[in-house]
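One structure is given here, and the rest of the page talks about it.
Hydrogens, waters and symmetry mates are skipped; everything else that's a heavy atom, side chains included, is used.
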Amino acid sequence: MKVHQGMSSQEILNMFGKPKNVSQSVCGADTGRIWTCTTWEYGQFPYDRASFTFSADNPNSLILNNFKVD
């Protein structure tokens with residue numbers, strides 16, 4: 001698998017194309033270090049699916065923080 005933490009959103013776009021759904025929320029509240037996270041979702045249940053959660057100070061420079069590929 002070529003996906004790993006620290007990848008840019010552009011690298012994910014190059015590998016998977018345009019996401020089906022995009023959402024944004026606040027993450028890290030339990031740790032006391034709050035940050036804005038953006039999640040991209042691909043596919044549709046029960047078929048192949050993937051989700052990628054990015055962190056960023058700048059929305060033009062999203063960095064992959066967490067992912068799940070089914």
Listed by chain and number, what are the side chain to side chain donor-acceptor pair (under 3.5 Å) partners of Asp30, not counting sequence neighbours? none

Side chain to side chain contact (heavy atoms under 4.5 Å, CB included) filter on Val22, not counting sequence neighbours, yields Pro19, Thr38, Trp40

Excluding sequence neighbours, so at least two apart, what forms side chain to side chain donor-acceptor pair (under 3.5 Å) with Ser23? none

List in chain and number order the residues that pass side chain to side chain contact (heavy atoms under 4.5 Å, CB included) with Cys27, two or more places apart in sequence or in another chain; answer none if no residue qualifies. Ser25, Trp35, Cys37

Any idea which heavy atoms bring His4 and Phe67 closest together, and the distance? CA-CE2, 4.0 Å

Criterion side chain to side chain contact (heavy atoms under 4.5 Å, CB included) on Leu62 and Ile12, from CA distance to verdict: CA-CA 10 Å; Leu62 300 174; Ile12 297 298; over 6 Å; no

Would a distance-only check, ignoring hydrogens and angles, find a side-chain to backbone donor-acceptor pair under 3.5 Å from Gln5 to Leu64? no

Atom CG of Asn14: over 12 foreign heavy atoms under 6.0 Å: yes

Hydrophobic clusters join Ile, Leu, Val, Met, Phe, Trp and Tyr when side-chain heavy atoms are under 4.5 Å apart, directly or via other members; which others share one with Val26? Ile34

Which heavy atom of Ser51 sits nearest to which heavy atom of Glu41, and what is that distance? CB-CG, 4.2 Å

Contacts of Ser8 that satisfy side chain to side chain contact (heavy atoms under 4.5 Å, CB included) - sequence neighbours left out: Gln10, Glu11

Return the CE to CZ distance between Met7 and Phe54, rounded to the nearest 0.5 Å. 8.5 Å

Rounded to the nearest 0.5 Å, how far apart are OG of Ser9 and CD1 of Ile63? 7.0 Å

What's the separation between atom CD in Gln24 and atom OG1 in Thr53, rounded to the nearest 0.5 Å? 11.5 Å

Just say parallel, tilted or perpendicular for the rings of Phe16 and Phe52, cut-offs at 30° and 60°. tilted

Residues at least two apart in sequence or cross-chain that pass side chain to side chain contact (heavy atoms under 4.5 Å, CB included) with Asp70, listed by chain then number, are Arg49, Lys68

